[in-house]
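Order of appearance sets the numbers: ligands from 1, and atoms from 1 within every ligand.
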Amino acid sequence: MIGVVGGGIAGLAAAYRLQQRGRDVRVFEAGDQVGGLAATYETAGDPIEKFYHHLSKSEQTIVDLAEDLGLGEAVEWRIGENAYYVDGTVHPMDKPWEILAFPHLSVYDKFRLAMLTLDVDVRGGVPSFDTYERLEDFEDVRAVDFIREHTTERVYRNFFEPLLDAKFGERKDEVSAAWLLGRIKFRGERDILKGEILGYFEGGFGRLLDALLEAVGRETVTTGARVQDLDVSGGAVSSMTVETAAGTETHDVDGVVVATMPHVLEALTGYACDIDFQGTVCSVISMDEPLTDTYWLNVADEAPFGALIEHTNFVPPERYGGRESSDSRAHQNSESSEDGEHLLYAVSYVQDTDDPLWQQDDDGVEETWLEGIEDLFPAFDRESVNWIETARNPRTAPVYERGYLDMVVPYDLSEEVADGVYYAGMASRAQYPERSLNGGVVAGFECADRIAGAGAFDPEADRVASPSDD
Ligand SMILES: Cc1cc2nc3c(=O)[nH]c(=O)nc-3n(C[C@H](O)[C@H](O)[C@H](O)COP(=O)(O)OP(=O)(O)OC[C@H]3O[C@@H](n4cnc5c(N)ncnc54)[C@H](O)[C@@H]3O)c2cc1C
């Protein structure tokens with residue numbers, strides 16, 4: 001039997017693929033629900049992710065998986081509109097004329113920014129089309145220095161710096177230019193006249209997780225089961241110790257996929273990973289009225305959140321609605337509105353648990369968000385808030401520092417730990433340059449294919465072989 005530690009998307013994907021390859025698998029999930037960071041809240045309509053989620057157009061493996069699971073029709077590609085809140089004003093940033101109208105950059109600044117996003121180096125007046133080709137060349141360059149050198153000081157100050165602040169806080173100076181360039185490439189497709197094309201599942205990502213769970217078999221997955229130890233004493237993993245409400249169990253295994261954050265891998269095997277992770281505090285705020293008409297609002301002005309993400313400007317509000325929260329913290333000011341609920345994420349990344357926001361209880365966090373929204377949008381009426389739910393997790397995103405790729409945890413840990421130990425968590429290569437659900441699926445497949453002796457996972461070969469392509 002192959003034991004999988006963790007029932008997030010990576011663990012479930014590994015289990016699915018291992019079964020496809022004829023292996024006997026069991027998944028052990030410490031929490032009482034599968035899904036990990038992609039877990040959801042119920043509404044009277046579709047479930048909503050506790051942390052905002054969408055797909056980028058460049059992510060194919062998760063779409064192929066959805067097709068294999070019979071959910072191909074559920075993948076929706078929608079426009080996710082972006083805007084920038086600067087000096088008290090919301091500036092839409094999708095259409096060419098909106099970008100041209102953005103007053104905080106000159107025409108020349110915008111030209112330099114556009115050239116960077118199009119992969120053209122115009123320094124010295126002679127365009128070069130391959131300068132940014134090899135991301136490895138920029139691993140040791142600081143993103144902040146790179147932006148200043150390859151665009152203009154104003155592009156850095158008025159465009160990138162607030163985004164880096166929101167994403168990495170005081171750690172922004174450590175982030176590599178390779179990450180920035182990879183991220184620009186990763187963003188995928190835009191509709192030139194409308195904006196960025198992003199993916200979502202009809203019914204939410206919970207639907208994909210449910211389908212994956214069904215396919216793997218509910219009996220294969222044990223929740224409330226924390227893996228406490230792996231026996232690797234003989235140079236190969238031979239058993240795993242699992243703590244459940246009923247007591248401690250030991251299971252013999254032929255191999256193990258650790259599909260968790262790397263500190264769990266370290267606790268189980270002693271393998272230490274130097275990647276630092278930041279945490280997230282994120283609330284879903286249900287409102288009777290929309291707050292803005294954009295999906296993704298980056299906030300450059302002083303505010304307790306780096307971004308406000310209005311989910312129901314991406315997915316229609318009619319899909320949600322009318323949930324009476326049983327949570328005593330929830331605001332229950334109003335009845336459900338007829339056109340469903342407007343759902344807004346307020347989110348902030350925290351660098352450590354000493355962060356004042358992290359220190360606040362959920363009531364405090366929710367009050368902080370509401371005050372912040374009132375400061376930015378004086379017309380906002382908190383009476384329109386139906387309920388708020390808050391999620392937090394101390395490890396949600398790697399800090400993509402210089403030298404990051406050297407710190408990535410290999411899929412196959414036979415040399416570093418013991419034969420039969422594999423790693424599919426967020427510190428794996430598939431989660432670079434951005435951690436994602438697709439990255440989790442790829443990491444799970446990478447481990448499964450290695451265990452099954454099929455070598456590294458090859459998405460292209462997989463596509464050709466996929467029955468859904470028939
Ligand atoms: C704020 C935020 C926004 C995001 N936005 C997007 C987005 O827009 N698009 C996108 O694709 N992705 C997004 N992501 C990232 C995405 O959620 C993750 O990349 C993905 O869910 C990681 O899956 P995973 O299975 O690797 O890890 P996790 O989801 O962390 O799952 C690991 C599981 O292991 C369990 N576990 C831990 N220790 C043990 C143990 N000892 N024994 C048993 N079980 C254990 C945990 O309980 C957890 O369920 C976002 C994440 C956050 C936090």
Side-chain angles (χ1 to χ4, degrees), residues 3-15 26-40 49-59 61-63 80 166-167 186-188 196 198-201 205-206 208-209 212 221-230 240-244 256-269 277-284 295-296 305-307 309 311 314 345-350 391-398 409 423-428 430-432 434-444 446-447:
V4 176
V5 187
I9 191 138
L12 292 176
R26 282 193 66 180
V27 179
F28 298 95
E29 164 55 47
D32 54 12
Q33 195 186 350
V34 297
L37 292 172
T40 56
E49 292 73 29
K50 294 181 177 179
F51 299 102
Y52 59 85
H53 276 81
H54 57 241
L55 301 179
S56 291
K57 207 59 170 108
S58 56
E59 298 181 303
T61 305
I62 193 167
V63 175
K167 182 102 182 146
F186 170 84
R187 287 305 284 216
E196 190 169 9
L198 299 174
Y200 195 70
F201 271 77
F205 287 99
L208 176 71
L209 287 161
L212 202 44
V221 181
T222 311
T223 52
R226 182 174 296 279
V227 179
Q228 300 278 34
D229 194 28
L230 300 180
M240 61 202 293
T241 307
V242 184
E243 201 73 38
T244 68
V256 164
V257 179
V258 180
T260 64
M261 292 293 165
H263 71 287
V264 178
L265 175 71
E266 183 173 358
L268 294 176
T269 68
F277 282 79
Q278 46 182 353
T280 308
V281 181
C282 182
S283 303
V284 181
Y295 170 51
W296 193 285
F305 30 72
I309 299 147
H311 179 78
F314 175 48
Y345 289 100
V347 61
S348 183
Y349 287 92
V350 294
R392 57 178 87 207
N393 188 307
R395 292 182 195 83
T396 53
V409 179
Y423 179 73
M426 206 184 268
S428 64
Q431 296 288 21
Y432 180 89
E434 185 60 51
R435 49 92 165 101
S436 67
L437 295 168
N438 185 70
V441 175
V442 173
E446 290 279 7
C447 291

Taking non-hydrogen atoms only, is [X] closer than 4.0 angstrom to ligand 1 via side chain, backbone, both or neither?
{"X": "Ala267", "result": "neither"}
{"X": "Phe28", "result": "backbone"}
{"X": "Ala259", "result": "backbone"}

Can you name the atoms of ligand 1, numbered from 1 with element, that are less than 4.0 Å from a heavy atom of [X]?
{"X": "Gly36", "value": "29 (O), 31 (O), 48 (C), 49 (O)"}
{"X": "Thr396", "value": "53 (C)"}
{"X": "Gly8", "value": "25 (O), 31 (O), 33 (C)"}
{"X": "Val5", "value": "40 (C), 42 (N), 43 (C)"}
{"X": "Gln431", "value": "19 (O)"}
{"X": "Met426", "value": "18 (C), 19 (O)"}
{"X": "Val264", "value": "38 (N), 41 (N)"}

Counting both backbone and side chain atoms, is some N or O of [X] under 3.5 Å from an N or O of ligand 1?
{"X": "Thr280", "answer": "no"}
{"X": "Val347", "answer": "no"}
{"X": "Ile9", "answer": "yes"}
{"X": "Asn438", "answer": "no"}
{"X": "Val227", "answer": "yes"}
{"X": "Ser436", "answer": "yes"}
{"X": "Leu37", "answer": "yes"}
{"X": "Thr260", "answer": "no"}

> Is Ala30 in contact with ligand 1, taking contact as a heavy-atom separation below 4.0 Å?
Replying inline: yes
>> Taking a cutoff of less than 4.0 Å between a non-hydrogen atom of the residue and any ligand atom, is Ala39 in contact with ligand 1?
In response: no
> Who pairs with Tyr349 by ring-ring contact (aromatic ring centres under 6.0 Å, His included), at least two apart in sequence or on another chain?
Replying inline: none
> With a 4.5 Å limit on heavy-atom distance, are the side chains of Phe28 and Thr244 in contact?
Replying inline: no
>> Counting C-beta onward and ignoring hydrogens, is there a side-chain heavy-atom pair between Tyr423 and Val258 closer than 4.5 Å?
In response: yes
>> Measuring from atom 9 (N) of ligand 1, which candidate in His54, Glu49, Gln278 has the nearest non-hydrogen atom?
In response: His54
>> Is it the case that the side chains of Glu59 and Ser436 hold a donor-acceptor pair, with the cut-off being a distance below 3.5 Å and no angle test?
In response: yes
>> If you take the centroid of each ring, where Trp contributes its six-membered ring, are Phe277 and His263 closer together than 6.0 Å?
In response: no
> Applying the ring-ring contact (aromatic ring centres under 6.0 Å, His included) test to His54, which of Tyr200, Tyr345, Tyr295 qualifies?
Replying inline: Tyr295
> Counting only N and O atoms by type, is there a donor-acceptor contact under 3.5 Å from the side chain of Glu446 to the main-chain atoms of Ala430?
Replying inline: no
What pairs of donor and acceptor atoms, side-chain ones from residues 3-14 against any protein atom, are under 3.5 angstrom apart with sequence neighbours left out?
none

> Can you tell me how far the CE atom of Met426 sits from the CE atom of Met261, to the nearest 0.5 Å?
Replying inline: 3.5 Å
